[in-house]
Amino acid sequence: MNWLEETRRELRLDLTQAAERARAAGEISFETLPDFVIERPREKAHGDFAANLAMLLARQAKMPPRKIAEAILAHLYKEETPKFVENVEIAGAGFINFRMQAHWLTDGLADAAAQGKHFGESDAGGGQKVNVEFVSANPTGELHLGNARGAAIGDSLANIMQAAGYSVTREYYINDAGKQIENFGLSLEARYLQQFGQDVPFPEDGYHGEDIIATVKEYIAAEGDKLLAAPAAERQQELTRYALAKKIGAIKEALAHYGVEYDVWFSEQTLHDADEVMGAVQQLKADGNVLEQDGALWFAADKFGCEKPEVLVRANGIPTYYAADIAYHKNKFQRGFTRLINIWGADHHGHVARLKAALAALGYPAEELEIILMQLVRLFSGGEIMRMSKRAGTYVTLEELLDEVGKDAARFFFVMRSADSQMDFDLDLAKSQSMDNPVYYVQYAHARINSIINQAAEQGISLADAADVNFGLLTEEAERDLLRRLLELPDEIAQAAAQEAPHRIAAYVMELSALFHSFYGACRVLGVDADLQAARLWLCRVTADAVAKCLSLLGVSAPQKM
RNA sequence: GCGCCAGUAGCUCAGCCGGAUAGAGCAACGGCCUUCUAAGCCGUGGGUCGGGGGUUCAAGUCCCUCCUGGCGCGCCA
């Protein structure tokens, strides 16, 4: 339970009771009390909390909202004394505004201080088992900017949901089966044979990258020419196995540099090996949801809200990626997850409806599969949009990005924007002016606070026991503005989790930092009256912890000094 | 043609279940370093929230329609 939530709960109860009494007294009439909100007004002049109850009752009660508000107020706090409410007034179109007593805010700081590093966390998620799958890039290549965005969003969302009381598993789906892997094997084989002087043709849509040649050379250095005599199928298989392990290792390493660690690396091949793909197809068939046409097997997706049927098994007998994906998501539900979140590039959105349709046909709650479609990252350089192309040298890998701007700036940059806004990534800007990244503004706030606390320690002043501190001494406007926003941290985290919107945390921590910088300019911490100093030191401590928590949720470091 | 996302200050973007006078950063201009980090603070200017209609006590937010940009609509993944 957090301070704001607790307060809102009490105010809601108070208002509900007052409205019931007003009805009992025959002053207003309504069937059921509407689901009103208690919000924090943007304008400080409107008090600490505002309720829209009277406006929502207007229709039922057939009275003007302000009259209703008056009737409710006539019964509010008549029989009991409120714990924190200073006064209540009617304003605007019929808002009921609550102004809290001064100590309500500072008691909130005491409450936060007592929670220590856990301040901000909640059990809003109720321990729900959530699977967050992100990046899942093709394991035959390197990670690029789009993957970097997906990784930042997915990992941060997982962190945030964990802090909000969900039980989160981070998962990477390895597409190590299917046509592109077959192609990969053929490419490797061709390069392998070419290394031994054989003039073999390179597959038409093979992997032309230099990295394939390098991988083959590494293999030869370690294992020699033993595959020359092997049957082609075995040769391809062995080279594929070796190269995939290398590639996946490199992907893991790049992600680790980016601060991303997965709980599960899920291999698509295992689904085929365990017959889960055909198993899912068979289940759809048994339920009469497939049809045969042109030699292929189709899922009747049109029976489940889609436009047309979709191919599950090709005429050549090989199941499609779609069939494997159905089996994969079925597998996730079977592992006990009750909520599935996937971060996908916007170019995959055509796949969403048919995947949900198939899961619904299999009897799973498709609405618990949430697919966050992340708009694509467009590379921008010299004022022009460029295609990501290896040949033109405009292909930017995650590792290169990390070398250029570093983990903190990269992750903050990507998680600052909401997933559904398109991003233009200006390479020149990222390289030349990374200091413009707001991440430094936030980190600077953390370093500044740390500096104050360190200096206090050097003067032999340590943080007092929070129970002994008179937080009521914090009366300056800058202190109270900071504190007011600080206490919203648990709400912000819970809301970012519920809305699956990690960018909200970035926005929040920027605001919190701005409020701290203002406070810093307006109030001295060290060298003031000892009791005031003790209270301000605590305000600093809790602020620093809140900033550090937000940054850590975003995968960004909180430096002690800058 | 159909579907998804976007259109908010000069630029990049926030804006939570509809709430009161639409915000931030950057850019521009003017101030503030002999006291805790100036990677900072304080102040000023800047808006038909793409256009039009509708619902509502209340619309940037919901509905309809049109315009513009991006991405999809494969027996690819």
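Per chain, numbering begins at 1; letters A, B, ... match sequence-line order.
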*With ring centroids as reference points, do A:Phe266 and A:Tyr172 lie under 6.0 angstrom apart?*
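Not under 6.0 Å, so no.
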_B:rC73, syn or anti by chi within 90 degrees of zero_ =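 Anti.
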*Does B:rC63 fall in syn (glycosidic angle within 90° of 0) or anti?*
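Glycosidic conformation of B:rC63: anti.
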*For A:Tyr520, which contact category applies under a 4.0 Å heavy-atom criterion: base, sugar-phosphate, or nothing?*
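It contacts base atoms.
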*NA contact type, A:Leu56, heavy-atom cut-off 4.0 Å: base, sugar-phosphate, or nothing?*
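Base contact.
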*Regarding A:Asp408 and A:Gln443, is there a side-chain donor-to-acceptor distance under 3.5 Å anywhere?*
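Present: a donor and an acceptor within the cut-off.
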*Does a side chain donor of either A:Lys332 or A:Asn342 reach within less than 3.5 Å of an acceptor in the other side chain?*
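A:Asn342 and A:Lys332 do have a side-chain donor-acceptor pair below 3.5 Å.
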Listed nucleotide nearest any side-chain atom of [X], set [options]:
X	options	answer
A:Arg314	B:rU12, B:rC75, B:rG19	B:rC75
A:Arg417	B:rC13, B:rC75, B:rA6	B:rC13
A:Tyr444	B:rA39, B:rG70, B:rG19	B:rA39
A:Asp420	B:rG40, B:rA77, B:rA6	B:rA6

*With both distances under 3.5 angstrom, what nucleotide forms a Watson-Crick or G-U wobble pair with B:rC2?*
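Per the H-bond distance test, B:rG72.
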*Measure the distance between the ring centre of A:Phe95 and the centre of the six-membered base ring of B:rA20, then answer whether it is under 5.5 Å with planes under 30°.*
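Stacked: centres under 5.5 Å apart, planes under 30°.
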*Looking at A:Glu370 and A:Lys356, does any basic side-chain N land under 4.0 Å from a carboxylate oxygen?*
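So A:Glu370 does not pair with A:Lys356 through a salt bridge.
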*Under 3.5 Å, is there an N or O donor on one side and an acceptor on the other linking the side chain of A:Asn97 and the base of B:rA20?*
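Result: at least one qualifying N/O pair found.
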*Check if the side chain of A:His349 and the base of B:rG3 share a donor-acceptor pair of N or O atoms closer than 3.5 Å.*
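Such a pair is found, so the answer is yes.
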*With RNA chain B as reference, determine whether A:Tyr441 or A:Glu307 sits nearer its 5' end, using the nearest nucleotide of each.*
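Comparing both residues, the 5'-ward one is A:Glu307.
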